[in-house]
Asks: 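Below you will find the structure I want to go over with you.
One is the number of the first residue; the rest follow in order along the sequence. Every number for a ligand or one of its atoms is a count from 1 in the order of the listing.
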Amino acid sequence: MTVDLTIKNCKLWYKKKTLVFGVAIDDGKIVSISKDIRLPKSDENINCRGKIVLPGLIDAHVHFREPGFTWKEDWSTGSKAAAHGGITHVMDMPNTDPSTITVRNLLDKKELAKKSVVNFGLYAEVVKENIDSIKELANHSVAFKVYMSESTGGLKLDDNTLLMKAFYNISKTNKVVCVHAENQAINERCLKRYRKSSDPLEFSLSRPVESEILAIKDAIETARRTEAKLHVCHVTTKEGLNLIKKAKKDVDITCETCPQYLFMTQNDLRDKGTLAKTNPPLRTKEDQIALWKRISNGTIDIIASDHAPHTMQEKLQDMWIAPAGVPGVETTLQLMLNAVNKRMIKLERLVGLMHDNPVKRFGLTNYGIEVGKDANLTVIDLKKEWKISNDDLLTKCKWSPYDGWKGKGCPEITIVNGQRLNL
Ligand code: DOR
Ligand code: ZN
Ligand code: ZN
């Protein structure tokens, strides 16, 4: 038998360790995993030169902006940026224009997303108007998203009675409800108080820790009562993590954090200004330390980028006008591999956070390095040094808050459904 592709001379991430095994791929699927010498003949071979081959990594939180905001990003540029960053599967957030709140919206976005060079899933957003259509929406979405407070896009569900109804209806599907956990009333009150200030640090106070904490509390209580599967997006606070840790005893709950909260603090708001403006905002060093601790002890289940591209021109407006969000799908893995090299996290844990846990939580099928699964692979070079430069990025917005940062450990080759992507 001659297969389409073999990948040899690898350190293959297999059953939680690296083995000197190769992989044979045919028709987009893994057909053999064994010593190189025992692999079948192939039309094409990739020599990995001793690099580590991981299962294709997942980014469970991106904003690819199409339809509606394609000057910031689109499915072609966003997915190429993802693949460039070693990501083989993205889950796209609903706050496009239109938002994905109807089956029609989801089907239309699915059509546009055919341009994607990586695999994808789409979130459906829950708002007051579609709470009774949740069952139908579940057939076309990977998970549900609820904005408990207003952010980019402007839609929200900030009424606890409606939240209960939404969670209840979602609990009858097999889908997870993901929440943007900030409290609208607290944000509104604090925004009034701070918005006259010209100190960038005050942006963090305008969406304070209390806002995240109260929203997480409400979401947990609602999930407890409705038995909904809850995922808390982009957790930034020590207290929020404590609540989630406790809730894990009796609520089906997972949570995520993002590189911006792991590698930047509110001091970066002072240095980078609006380029570091995100919702929720960057927090203190103390919160950052808590995040790293909760990564090691397992409270944090997933690392996702919350890739939220805006143009440089949009970002360089007044602190209170500039849109919130930073690009990240392209840089998450290299930042995390640098952390592996610095012994801040083990590679095994990273594979859990960026592959095993998202696969399990969102029921992604056919992922993993096993015979019969789709051939999605991320080859990394742990020893290669890097410097992030805006000029090298494939995201349409062409900037990164980490421009100029240096480190070690890079994605090297991305294989999606058996195809090596040349970017
Ligand atoms: O910073 C953010 N940007 N937070 C969000 O909730 C939305 C996102 C975006 O879409 O720009
Ligand atoms: Zn969010
Ligand atoms: Zn987001």
Side-chain angles (χ1 to χ4, degrees), residues 59-74 78 82 90-100 109 121-127 142-158 176-184 187 191 200 203-204 206-207 211-212 215-216 219 230-237 240 255-261 264 266 268-269 272-283 302-312 314-315 317 319-329 332 358 395-397 399-401:
D59 191 335
H61 189 154
V62 305
H63 300 263
F64 276 180
R65 308 296 192 205
E66 187 175 3
F69 304 107
T70 51
W71 63 90
K72 300 174 196 261
E73 194 77 284
D74 62 45
V90 294
M91 292 170 53
D92 185 56
M93 283 295 165
N95 61 338
T96 40
D97 185 17
S99 288
T100 45
K109 191 187 264 192
L122 306 178
Y123 283 93
E125 177 163 2
V126 185
V127 287
V142 63
F144 288 93
K145 176 73 183 273
V146 169
Y147 284 90
M148 297 174 74
S149 72
E150 211 173 299
S151 189
T152 310
L155 298 182
K156 61 180 184 303
L157 193 72
D158 62 342
V176 176
V177 53
C178 301
V179 293
H180 176 112
E182 287 187 285
N183 179 277
Q184 179 68 14
N187 284 3
L191 184 64
F203 174 71
S204 279
S206 77
R207 299 178 85 112
S211 170
E212 177 173 300
I216 291 179
L230 172 64
H231 177 74
V232 185
C233 295
H234 46 51
V235 182
T236 66
T237 58
C255 73
E256 118 209 335
T257 195
C258 320
Q260 46 275 37
Y261 307 111
M264 295 194 284
Q266 57 192 34
D268 288 87
L269 265 171
K272 300 181 205 293
T274 46
L275 292 184
K277 177 181 175 180
T278 58
N279 295 339
L282 301 179
R283 306 291 187 196
I302 290 175
I303 286 179
S305 68
D306 197 358
H307 177 73
H310 300 283
T311 65
M312 189 69 121
E314 290 166 329
K315 287 296 272 183
Q317 299 177 83
M319 179 54 86
W320 303 100
I321 293 169
V326 292
V329 71
T332 299
T395 170
K396 199 183 266 185
C397 73
W399 67 273
S400 161

Asks: Using a strict 4.0 Å threshold on nitrogen-to-oxygen distance, state whether Glu150 and Lys156 make a salt bridge.
Replies: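 So Glu150 pairs with Lys156 through a salt bridge.
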Asks: So is Lys277 polar-close to ligand 1, meaning N/O to N/O under 3.5 Å?
Replies: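 Looking only at distances, the answer is no, because the N/O contact criterion of under 3.5 Å is not met.
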Asks: Thinking salt bridges, do Glu212 and Arg207 make one under a 4.0 Å N-O criterion?
Replies: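 Result for this pair is no, no salt bridge flagged.
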Asks: Heavy atom to atom 11 (O) of ligand 1, shortest distance: which of Glu182, His180, Met93, Arg65 holds it?
Replies: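 Looking at heavy atoms only, Arg65 sits closest to atom 11 (O) of ligand 1.
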Asks: Any atoms of ligand 1 less than 4.0 Å from a non-hydrogen atom of His310? List them with their elements.
Replies: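 Matching atoms, with element in brackets: 11 (O).
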Asks: Rounded to the nearest 10 degrees, what's the angle NE2 of His61 makes with NE2 of His63 at the Zn ion (ligand 3)? Could you check?
Replies: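 Nearest ten degrees: 110°.
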Asks: Show your working on ring pair (Phe, Tyr, Trp, His ring centres under 6.0 Å) between His180 and His234 and close with a plain yes or no.
Replies: CA-CA 7 Å; His180 176 112; His234 46 51; 4.5 Å; yes
Asks: What about His234: any of its N or O atoms under 3.5 Å from an N or O on ligand 1?
Replies: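 No, there is no polar N/O contact under 3.5 Å.
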Asks: Can you name the N/O/S atom of His180 that is nearest the Zn ion (ligand 2)?
Replies: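 Considering only N, O and S atoms, His180 comes nearest to the Zn ion (ligand 2) through ND1.
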Asks: Would you mind running through ligand 1 and noting each atom that sits below 4.0 Å from a heavy atom of Tyr147?
Replies: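 It comes down to these atoms of ligand 1: 6 (O).
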Asks: Any side-chain to backbone donor/acceptor pair from Asn95 onto Gly153? Under 3.5 Å, distance only.
Replies: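 Such a contact is absent between Asn95 side chain and Gly153 backbone.
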Asks: For a quick check under 3.5 Å, do Thr96 and Glu66 share a side-chain donor-acceptor pair by atom type?
Replies: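 Glu66 and Thr96 do not have a side-chain donor-acceptor pair below 3.5 Å.
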Asks: Please state which protein non-hydrogen atom is closest to atom 1 (O) of ligand 1 and give its distance, to 0.1 Å?
Replies: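 The answer is Asn279 N, 2.9 Å.
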Asks: Under the criterion side-chain hydrogen bond (donor to acceptor under 3.5 Å, both in side chains), which of Lys315, Gln317, Lys72 is the partner of His310?
Replies: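 Of the listed options, the one satisfying the test is Lys72.
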Asks: Go through the side-chain N and O atoms of His307 and Arg65 and say whether any donor and acceptor fall under 3.5 Å apart.
Replies: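 Per modelled atom types, His307 and Arg65 side chains form no pair under 3.5 Å.
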Asks: Between ligand 1 and Asn95, is the shortest N or O to N or O distance under 3.5 Å?
Replies: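 Right, the criterion is met.
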Asks: Can you name the N, O or S atom of Asp306 that is closest to the Zn ion (ligand 3)?
Replies: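 This residue's closest N, O or S atom turns out to be OD1.
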Asks: Go through ligand 1 atom by atom and flag the ones less than 4.0 Å from a non-hydrogen atom of Ala308.
Replies: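 Answer, ordered by atom number: 3 (N), 8 (C), 9 (C), 11 (O).
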Asks: Does Thr278 reach ligand 1 with a nitrogen or oxygen that is under 3.5 Å from one of the ligand's nitrogen or oxygen atoms?
Replies: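 In fact, backbone or side chain, Thr278 has no N or O that close.
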Asks: Keeping the roles fixed (side chain from Ser204, backbone from Leu282), state whether a donor-acceptor pair exists under 3.5 Å.
Replies: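 Yes: the side chain of Ser204 pairs with the backbone of Leu282.
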Asks: Tell me which part of Ser151 gets within contact of ligand 1: side chain, backbone, both or neither, using heavy atoms under 4.0 Å.
Replies: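 Under 4.0 Å from ligand 1, Ser151 contributes side-chain atoms alone.
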Asks: With atoms numbered from 1 as shown, which atoms in ligand 1 lie under 4.0 angstrom from a non-hydrogen atom of Thr152?
Replies: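 Near Thr152, meaning under 4.0 Å from one of its heavy atoms, ligand 1 has 3 (N), 7 (C), 8 (C), 9 (C), 10 (O), 11 (O).
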Asks: Got a salt bridge between Lys396 and Asp74, using NZ or NE/NH1/NH2 to carboxylate O under 4.0 Å?
Replies: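 Answer for the salt bridge query: yes.
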Asks: Backbone N or O of Met319 within a donor-acceptor pair of the Lys277 side chain at under 3.5 Å?
Replies: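 Yes, the answer is positive, given that a donor and an acceptor are paired below the 3.5 Å cut-off.
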Asks: Looking at atom 3 (N) of ligand 1, what's its closest protein heavy atom, distance included?
Replies: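 Nearest protein contact, heavy atoms only, for atom 3 (N) of ligand 1 is Ala324 O, 3.0 Å.
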